[in-house]
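As structure tokens, the structure follows; a few thoughts come after it.
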Amino acid sequence: MKRLTFVLLLVLGAVLTGCAQKLPVNTGNDVGVLAIPMMGQKSGRGEFIFSYELTHSMNHEIAIRITPGAGEKFVFSEALPAGSYTFDTVTMYAKPTITTLSSVNKLSRKLDPPVRIQIEAGKVVLLPSRLRVSIKPGDAEEFYQVTSWEEMDEETIVTMKKRLESMENADGWQIQ
């Protein structure tokens with residue numbers, strides 16, 4: 001019995017460790033990363049069918065892609081060259097599945113005020129707003145994906161930075 005319990009604990013530990021989020025590896029090429037706090041919640045059997053992209057209306061070269069996932073605490077940008085960035089547009093893209101359709105394929109809206117970030121080499125910059133994405137049941141077989149941005153207070157920002165510092169690959173970054 002003890003042996004079975006030990007084996008089950010090992011398997012559970014491997015599964016939980018394998019599912020844990022981790023920071024991207026620092027390539028050391030004068031790049032940084034944006035960490036976007038996220039809370040993905042599902043109630044019922046609906047799937048996340050929308051992804052999002054932050055861009056600037058005049059410069060689409062740099063885009064932050066956000067694909068929600070249930071239980072994930074952060075979304076990370078790809079490595080970004082050090083510099084200042086302004087994002088003034090968020091675009092929602094539908095990703096229909098075999099069992100899920102959407103009446104919206106692509107929808108953009110202006111961010112007011114725009115999101116301004118400063119990326120520094122070797123640093124993970126925490127966005128001070130959290131993206132909250134949830135699936136809500138509707139009528140019959142329908143469900144809705146609801147998205148909102150919420151400003152984080154100083155205590156929450158400190159908590160999020162501690163979470164980033166405890167993630168795998170954090171030793172290669174400074175958390176800002």
Results of side-chain contact (heavy atoms from CB on, under 4.5 Å) for [X] - residues two or more places apart only:
X	value
T67	S51, K95
M39	Q41, R130, R132
L107	M92, V104
S166	none

Please find the pair of heavy atoms, one from [X] and one from [Y], that lie closest to each other, and give the distance.
X	Y	value
I117	L34	CD1-CD2, 3.9 Å
I157	P128	CD1-CB, 4.1 Å
A121	A82	N-CB, 3.9 Å
V90	Y52	CG2-CB, 4.3 Å
F76	M167	CZ-SD, 3.8 Å
M152	P37	CE-CG, 3.5 Å

[X]: what forms a side-chain hydrogen bond (donor to acceptor under 3.5 Å, both in side chains) with it, not counting sequence neighbours?
X	result
E154	none
T159	none
S108	T91
D112	none

Pairs flagged by side-chain hydrogen bond (donor to acceptor under 3.5 Å, both in side chains) wherever residues 75-86 is involved - sequence neighbours left out = S84-Q118

Would you say [X] and [Y] are hydrophobically clustered, going by side-chain heavy atoms of ILVMFWY under 4.5 Å?
X	Y	result
V75	M160	no
V25	L164	no
Y93	M38	no

Measure the [atom1]-[atom2] distance between [X] and [Y] for me, rounded to the nearest 0.5 Å.
X	Y	atom1	atom2	value
H56	I62	NE2	CD1	12.5 Å
R109	T89	CZ	OG1	10.0 Å
D88	L54	CG	CG	10.0 Å

May I have the list of side-chain donor-acceptor pairs in residues 169-176 shorter than 3.5 Å, sequence neighbours left out?
| unit_1 | atom_1 | unit_2 | atom_2 | d |
| --- | --- | --- | --- | --- |
| N169 | ND2 | L23 | O | 2.7 |
| W173 | NE1 | P24 | O | 2.8 |
| Q176 | NE2 | E120 | OE2 | 3.4 |

key: K73 backbone acceptor or donor facing Q21 side chain under 3.5 Å   = yes

message = Main chain of V31, side chain of N29: is a donor-acceptor contact present, judged purely on distance under 3.5 Å?
response = no

key: Side-chain heavy atoms of V146 within contact of V133, under 4.5 Å   = no

inquiry  = Before you tell me yes or no, could you show the steps for L126 and F74 under side chain to side chain contact (heavy atoms under 4.5 Å, CB included), namely the whole-Å CA-CA distance, both residues' side-chain angles and the distance that decides it to 0.1 Å?
reply    = CA-CA 10 Å; L126 178 67; F74 297 96; 3.9 Å; yes

message = As a quick check of understanding, evaluate side chain to side chain contact (heavy atoms under 4.5 Å, CB included) for L131 and I66, giving each step before the final call.
response = CA-CA 10 Å; L131 174 63; I66 303 169; 3.5 Å; yes

key: salt bridge (charged side-chain N to carboxylate O under 4.0 Å, His left out) against K162, all qualifying residues, sequence neighbours excluded   = none

